[in-house]
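What follows is a set of notes on a single structure, which appears directly below.
Predicted model, so just to flag it, every value in this text is computed and none were measured. Computation of the quantities below employed the complete heavy-atom set of this structure, encompassing side-chain atoms and omitting hydrogens, waters and symmetry-equivalent molecules.
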Amino acid sequence: MTGYRVGSALLRVFLGITFFIHGLQKFQGGIENTVAFFESVGFPGFSAYVVATIELVGGILMVLGVGTRIIAALFFFVLAGAILKVKLSAGFVGGYEVDLALLVMAVHLAIVKNTAFSLENLWAKKEK
């Protein structure tokens, strides 16, 4: 097992946990509040449900290593929307720096073939 696969696995788990917690917070905090916020910045209200579901379910799948590349691409679009529509005007420091770091992690995971300790790898080994 090479170091880049283990490093990628660490990024995968961290990104998954981060998105899961954000999605959970949106539902626990009252999704109606999130809908209102999305509408206030120009997104359709239903997109709050889509984003919260991507974060919650995608976060779990990312931690498990299932559909990593697809989920990472979805995370990229969520983060790009957040940066461009909400965070960019606040500037780098205190604005979009964390979102940009998460976006770069998502891009990395969308590009790499596989990471260590994932269910995808376990299933691939069983098929061989």
Plane angle bin for F43 and F38 - parallel if under 30°, tilted between 30 and 60°, otherwise perpendicular: tilted

Heavy-atom donor-acceptor pair, S47 side chain to V50 backbone, under 3.5 Å: no

Euclidean distance, F19 CZ relative to M62 CE, rounded to 0.5 Å: 8.0 Å

Any donor-acceptor pair under 3.5 Å from R69 side chain to N114 backbone: no

side-chain contact (heavy atoms from CB on, under 4.5 Å) between E120 and T68, intermediate numbers included: CA-CA 8 Å; E120 290 170 326; T68 300; 3.2 Å; yes

Sub-4.5 Å side-chain heavy-atom contact between Y49 and V35: yes

Qualifying residues under side-chain contact (heavy atoms from CB on, under 4.5 Å), relative to L64, sequence neighbours excluded: I60, V66, L119

Greater than 12 external heavy atoms within 6.0 Å of F27's CZ: yes

Euclidean distance, L74 CG relative to E55 CD, rounded to 0.5 Å: 11.0 Å

F92 side chain near L100 side chain, heavy-atom distance below 4.5 Å: yes

Minimum heavy-atom distance A73-A110, with the two atoms named: N-CB, 4.3 Å

Donor-acceptor pair between T115 and R5 side chains, under 3.5 angstrom: no

Test item: L103 and F76 side chains (from C-beta on) under 4.5 Å apart, heavy atoms: yes

Euclidean distance, L15 CG relative to F75 CZ, rounded to 0.5 Å: 5.5 Å

